[in-house]
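What follows is one structure encoded as structure tokens, with my remarks underneath.
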Amino acid sequence: MSLARVGTPVPDADAPIGVFDSGLGGLSVLEALRTALPRERFVYFADTGHAPYGERGDDFVAARSSAVARELRDAHGIKALVVACNTATAAAIDRLRAEHPALPVVGVEPALKPAVAASRTGRIAVLATRLTLESRKFRALHDSLADRAQFSIVPCDGLAGAIERADDERIDALCERYLATAGRFGSRDGELDTLVLGCTHYPFIADRLRRHTGEAVRFLDTGAPVALQTRRLLEQAGALRGGDGVGDLQLLSSGERGVLDAAAARWLSAAPPVAVQAHGTLA
Ligand code: DGL
């Protein structure tokens with residue numbers, strides 16, 4: 001075994017990166033990861049059998065996150081874990097880091113800081129799940145920025161579930177309702193000029209949200225920064241996959257297998273190729 005420092009094993013660069021979400025939303029983060037790290041191998045786990053997480057309790061989400069991470073490490077030998085879910089990050093990231101001290105673990109959180117930097121009117125709308133918004137982590141993030149912008153925060157019950165089911169009618173009704181709740185969008189003083197997509201499902205409905213906000217509003221999600229942070233951690237660990245490695249992807253789901261395949265076909269770009277498609281059955 002090679003050693004970076006005595007007692008610190010160097011992770012196998014050819015091992016895959018594990019990525020998980022309550023369901024399909026994490027594919028938006030996976031897409032950013034595959035773009036930033038085209039030589040890497042990925043295993044994506046959609047916990048579709050237990051989605052949505054956002055209206056469950058912290059204990060449930062933490063227990064599921066822990067079980068999924070264990071499966072990815074034990075059965076797939078992952079070299080890093082990306083928690084591609086704001087809700088699971090809020091409920092479980094500390095526990096996951098404690099349970100896997102040698103594994104680089106990257107989480108996602110609503111992009112409030114970039115929103116403050118980007119907003120001209122100082123008025124920012126935040127859409128996320130109820131569990132994310134009620135978490136201690138989110139409250140701390142919000143409180144640290146509360147004197148720099150005015151946030152209009154909207155828990156979007158039912159929206160991730162409707163996206164999971166591809167229920168367009170319900171998605172449209174909820175987008176209309178939640179954006180009306182947020183307030184008036186636009187680029188004039190007093191208007192919300194920035195929209196934080198605080199759930200990894202929401203980038204997939206950006207077009208539908210856009211119908212209610214107009215073109216001038218800036219949308220922010222966290223796919224690209226998460227991919228950069230993952231690259232940084234792998235670099236630090238000496239575990240980036242180099243050479244002529246061709247990226248590949250394995251898709252796993254605790255739910256109906258066709259749902260994840262269909263979403264991946266619809267939402268992921270073709271390159272690098274989806275070399276392997278298999279399904280896990282973590283109940
Ligand atoms: N995609 C998830 C997030 O970023 C959660 C959606 C859900 O399962 O409620 O929060």
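In each ligand, atom 1 is the first atom listed, and ligand 1 is the first ligand listed. The analysis underlying the following values was restricted to heavy atoms, covering all of them including side chains, and did not include hydrogens, waters or symmetry mates. The first residue of the sequence shown is numbered 1, and numbering continues consecutively from there.
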Quiz item: What pairs of residues pass the salt bridge (charged side-chain N to carboxylate O under 4.0 Å, His left out) test when at least one of them lies in residues 195-204, not counting sequence neighbours?
Solution: none

Practice problem: Measure from NZ or CZ of Arg64 to the centre of the six-membered ring of Tyr53, then state whether that distance is under 6.0 Å and the direction lies within 45° of the axis. | Solution: no

Quiz prompt | is_close_aromatic(Phe151, His142), centroid dist under 6.0 Å | solution = yes

Practice problem: Go through the structure and list residues passing side-chain hydrogen bond (donor to acceptor under 3.5 Å, both in side chains) with Arg130, not counting sequence neighbours. | Solution: Asp157

Quiz item: Can Arg56 be said to sit on top of Phe60's aromatic six-ring, NZ or CZ under 6.0 Å from centre and within 45° of the ring axis?
Solution: yes

Practice problem: Might you list the protein residues in contact with ligand 1, defined as having a heavy atom under 4.0 Å from one of its atoms, sorted by chain and number? | Solution: Asp21, Ser22, Pro52, Tyr53, Gly54, Cys85, Asn86, Thr87, Thr129, Ala160, Cys199, Thr200, His201

Self-check item: Glu99: partners by side-chain hydrogen bond (donor to acceptor under 3.5 Å, both in side chains), with sequence neighbours left out
Solution: Ser66, Arg95

